[in-house]
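The structure under discussion is supplied below as structure tokens; questions concerning it will follow.
Everything numeric here is computed off the predicted structure, so don't read it as measured data. Each chain gets a letter, A, B and so on, in the order its sequence line appears, and its residues count up from 1.
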Number of protein chains: 2
Amino acid sequence: MAQTKNTYQFEDLLDKHQLKKTAARLRVLSMMYAKNTATSQPDLESVMHDIDRVTLYRVLNVFEEKGIIHKVFDLNGTANYAVCQSGCHEHHHHDEHLHFNCTACKGVFCLNELSLPAINLPAGFQPSGFTVYASGLCPKCSKMQ
Amino acid sequence: MAQTKNTYQFEDLLDKHQLKKTAARLRVLSMMYAKNTATSQPDLESVMHDIDRVTLYRVLNVFEEKGIIHKVFDLNGTANYAVCQSGCHEHHHHDEHLHFNCTACKGVFCLNELSLPAINLPAGFQPSGFTVYASGLCPKCSKMQ
DNA sequence: CCGTAAATGCAATTGTGTTGCATTATGTAT
DNA sequence: ATACATAATGCAACACAATTGCATTTACGG
Ligand SMILES: [Mn+2]
Ligand SMILES: [Mn+2]
Ligand SMILES: [Zn+2]
Ligand SMILES: [Zn+2]
């Protein structure tokens, strides 16, 4: 679920990855860590009107490179980003968990706690990674019908 | 793999779905049935220079609505479309098979023959569908290294 | 062959994402 | 505290997929 972190911890996080502590980066971090669903650039833009859209794209890109967040596409093919749990490093993500896309609230949930079953492919195909999506109703939306 | 059908069969297919037999639709059908990988609007556009891009989008959309093709996003989040095998009807697709996206040739393969393992979700999540992607090298590209 | 509804072409618009470059802010050395 | 080098940002422009409105053309049943 949503991880609680204060400004000092976000500054430490940026320090740890040798990133300068800028207002845009701190605000993106606090927004992303405050929610339990993935965030898109348009999501950020709709809240942070004073930060240029290009800056938001660049913040997301550098966070992904550093292994702070990972990219996941929603049902419409638009990029969303979620905070990485652990085991993610620069240019090397370990995000082979299931992603749940709620058809009602459109939220994208990372289900890190689930273990994915092994999948074997037909002869000739050499897989290097798997991505599993589920769509349907999230807990909150299924309660409200 | 690639299904072989002639023009009469494509006309029958359009008839069956109460779609008018137009040149654009017949050409899109013959191109999509001739290959064993999914096709994007830009793919079609690069071949059918005389057909407007908007028409190609509309042909793809109506084929998807009718259950003739299904949409699958590639690694870059762009929409590709593949011929449905069976069991797909208007507004009701059964395309819960694995999609393999080759990182070399960028081809998107529908692996209909594979059966996907069951996946159960945490309490509260009500799934209505699953999508599984694998990325890596397809048979042809893995042979060429 | 005609008439009508559907399909198409074209222009314009939206949305997401990228690039180049001038300006500003950050962190460090003085 | 100040100056400097470098990184980050803002802005304009661009690229590309996808959508919408509307006029024109086509398909097809009568
Ligand atoms: Mn995730
Ligand atoms: Mn498929
Ligand atoms: Zn929901
Ligand atoms: Zn390949």
key: Members sharing A:Tyr8's hydrophobic cluster (side chains within less than 4.5 Å)   = none
query = Which salt bridge (charged side-chain N to carboxylate O under 4.0 Å, His left out) pairs, counting each pair once, include a residue from residues 57-71 of chain A, with sequence neighbours left out?
reply = A:Lys66-A:Glu90
query = Is the B:Phe10 ring parallel, tilted or perpendicular to the B:Tyr33 ring (thresholds 30°, 60°)?
reply = tilted
request  = Taking heavy atoms of chain B and a 4.0 Å limit, find me the 5'-most and 3'-most nucleotide of DNA chain D within that range.
outcome  = D:dA17 to D:dC28
task = For the pair B:Asp43 and B:Lys106, find out whether any cationic side-chain nitrogen is under 4.0 Å from an anionic carboxylate oxygen.
result = no
task = For A:Thr39, check side chain to side chain donor-acceptor pair (under 3.5 Å) against everything at least two apart and list the hits.
result = A:Lys35
ask   = For B:Glu45, which residues count as a salt bridge (Lys or Arg N to Asp or Glu O under 4.0 Å) partner, sequence neighbours excluded?
value = B:Arg53
query = What side-chain hydrogen bond (donor to acceptor under 3.5 Å, both in side chains) pairs are there with at least one residue in residues 15-25 of chain A, not counting sequence neighbours?
reply = A:Asp15-A:Lys21
ask   = Hey, what's the ring geometry for B:His97 with B:His70, parallel, tilted or perpendicular (30° and 60° as the breaks)?
value = perpendicular
ask   = Do any of residues 40-53 of chain A sit with a heavy atom less than 4.0 Å from DNA chain D, and if so which?
value = A:Asp50, A:Ile51, A:Asp52
Euclidean distance, atom CG of residue A:Leu56 to atom C1' of C:dT16 [Å, nearest integer] = 13 Å
request  = With axes from five pairs an end, tell me the bend angle of the helix from C:dC1-D:dG30 to C:dT30-D:dA1, nearest 10°.
outcome  = 20°
task = Could you tell me which residues satisfy ring-ring contact (aromatic ring centres under 6.0 Å, His included) with A:Phe73, sequence neighbours excluded, listed by chain and number?
result = none
ask   = Backbone N or O of B:Phe109 within a donor-acceptor pair of the B:Thr37 side chain at under 3.5 Å?
value = no
request  = Show the numbers, then the answer: is there a side chain to side chain contact (heavy atoms under 4.5 Å, CB included) between B:Met32 and B:Leu60?
outcome  = CA-CA 11 Å; B:Met32 295 191 69; B:Leu60 291 173; 4.1 Å; yes
request  = Mind running a 4.0 Å heavy-atom check of residues 6-27 of chain A against DNA chain D and sending the residues that fall below it, in number order?
outcome  = A:Lys20, A:Thr22, A:Ala24, A:Arg25
ask   = When all nucleic acid strands are considered with a 4.0 Å heavy-atom cut-off, which category describes B:Asn76: base, sugar-phosphate, or nothing?
value = nothing
request  = Taking side chain to side chain donor-acceptor pair (under 3.5 Å) as the test, write out the residues that go with B:Asn76, two or more places apart.
outcome  = none
remark   = The complete set of side-chain hydrogen bond (donor to acceptor under 3.5 Å, both in side chains) pairs with one or both residues in residues 122-132 of chain B, sequence neighbours excluded, reads none
